[in-house]
Amino acid sequence: LYDAVGFGFAVKGAYGFGFVRKERVRVWVGPSVRLNADYVDPKSTSFQEGALSFEADPKGVILSFGGGIEGGVRYKVSSDLTFDFSTGFLYNFFGNYQDTNLKVNGQSLESADSFFIGQEPFLFVQIALGFDFSQDKTSP
């Protein structure tokens with residue numbers, strides 16, 4: 001949505017029902033859930049118009065939780081490496097809290113905070129490589 005620097009985490013889980021199960025290829029579909037938490041620090045903004053000078057320095061937290069359907073293909077490249085491709089649809093519910101430090105003509109004002117919640121559809125494509133470092137290579 002905007003140019004921001006931040007950090008956070010995402011956790012996604014899917015339970016796949018395999019309907020093609022070969023030695024090297026598995027095709028699956030199933031339910032999926034996702035949890036996201038991000039701290040964001042968008043770039044400060046400022047403008048000056050005549051004698052008026054305005055500066056805003058926002059920081060915030062975004063939390064989201066969603067669920068939906070996912071499907072994918074897992075290809076076993078070797079006994080140590082798998083390639084996964086999946087795509088899906090999640091419906092997200094999110095909350096965004098933002099605190100903004102404001103300055104007008106160099107004078108600090110009270111910080112302004114805001115909170116809004118919402119919901120949105122979320123389509124995704126995911127590509128992953130899986131490495132197996134275990135000693136037993138007989139398990140699928």
Side-chain angles (χ1 to χ4, degrees):
L1 297 174
Y2 43 78
D3 187 14
V5 176
F7 56 88
F9 70 89
V11 178
K12 186 177 76 64
Y15 184 81
F17 298 97
F19 57 90
V20 173
R21 300 182 82 194
K22 304 289 182 188
E23 185 178 331
R24 295 184 76 103
V25 176
R26 291 185 182 182
V27 180
W28 58 272
V29 66
S32 179
V33 295
R34 179 182 173 104
L35 172 67
N36 243 58
D38 298 294
Y39 167 77
V40 291
D41 188 0
K43 289 183 178 178
S44 298
T45 185
S46 64
F47 72 87
Q48 185 160 355
E49 183 70 36
L52 176 65
S53 168
F54 172 82
E55 297 176 38
D57 183 19
K59 294 174 177 47
V61 175
I62 301 170
L63 297 173
S64 66
F65 176 77
I69 188 83
E70 183 175 355
V73 175
R74 171 170 281 179
Y75 178 71
K76 187 175 182 181
V77 178
S78 70
S79 63
D80 297 329
L81 178 66
T82 58
F83 174 79
D84 294 301
F85 173 84
S86 63
T87 186
F89 171 82
L90 296 177
Y91 201 80
N92 275 345
F93 299 92
F94 65 88
N96 182 4
Y97 170 78
Q98 185 166 303
D99 183 22
T100 304
N101 294 317
L102 300 173
K103 287 184 182 178
V104 176
N105 294 336
Q107 185 88 359
S108 290
L109 302 175
E110 283 187 33
S111 66
D113 58 350
S114 64
F115 180 74
F116 72 91
I117 58 174
Q119 51 194 345
E120 65 182 349
F122 180 69
L123 298 171
F124 67 92
V125 173
Q126 179 174 289
I127 298 171
L129 291 175
F131 299 95
D132 183 1
F133 295 110
S134 68
Q135 298 297 322
D136 181 19
K137 305 296 184 199
T138 59
S139 61

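Just so you know, these numbers use all the heavy atoms, side chains as well, and skip hydrogens, waters and symmetry mates. The first residue in the sequence is number 1, and the count goes up from there. From a predicted model like this one, the values you see are computed outputs, not experimental measurements.
In this pair, Phe131 and Phe133 present their aromatic rings parallel. The plane angle is below 30°, not in the 30 to 60° band. Below 30°, between 30° and 60°, or above 60°: for Phe94 and Phe116 the angle between ring planes is above 60°, a perpendicular geometry.
Counting only residues at least two apart or on different chains, the side-chain hydrogen bond (donor to acceptor under 3.5 Å, both in side chains) pairs with a member in residues 65-75 are Lys12-Glu70, Ser32-Glu70, Glu70-Ser86, Arg74-Asp84. Within the structure, the ring pair (Phe, Tyr, Trp, His ring centres under 6.0 Å) test picks out the following pairs touching residues 10-34 (sequence neighbours left out): Tyr15-Phe17.
Around the CG atom of Leu129, the shell of radius 6.0 Å holds more than 12 heavy atoms that belong to other residues, nucleotides or ligands.
Tracing side-chain contacts under 4.5 Å through hydrophobic residues (I, L, V, M, F, W, Y), one reaches Ile127 starting from Val29; they form part of the same cluster. Taking hydrophobic clusters as Ile, Leu, Val, Met, Phe, Trp and Tyr residues chained together by side-chain heavy-atom distances below 4.5 Å, Phe83 shares a cluster with Val125. Placement of Leu81 and Phe85 within a single hydrophobic cluster is found when ILVMFWY residues are connected by side-chain heavy-atom separations under 4.5 Å, directly or transitively.
We find the CZ-CZ distance between Phe65 and Phe93 to be 9.0 Å, quoted to the nearest 0.5 Å. To the nearest 0.5 angstrom, Lys76 atom NZ is 8.0 Å from Arg24 atom CZ. For the atom pair CZ of Phe89 and CZ of Phe122, the computed distance is 11.0 Å after rounding to the nearest 0.5 Å.
Distance alone, capped at 3.5 Å, places no donor-acceptor pair between the Arg34 side chain and the Leu90 backbone. When atom types are taken as modelled, the side chain of Thr87 and the backbone of Phe124 share a donor-acceptor pair closer than 3.5 angstrom.
A donor-acceptor contact under 3.5 angstrom links the side chains of Asp132 and Ser134, judged on distance only.
Counting only heavy atoms from C-beta outward, the side chains of Val61 and Asp38 never approach each other to under 4.5 Å. Phe9 is not listed as a side-chain neighbour of Asn36, based on a closest heavy-atom distance of 4.5 Å or more. Between Val25 and Val73 there is a side-chain heavy-atom pair separated by less than 4.5 Å.
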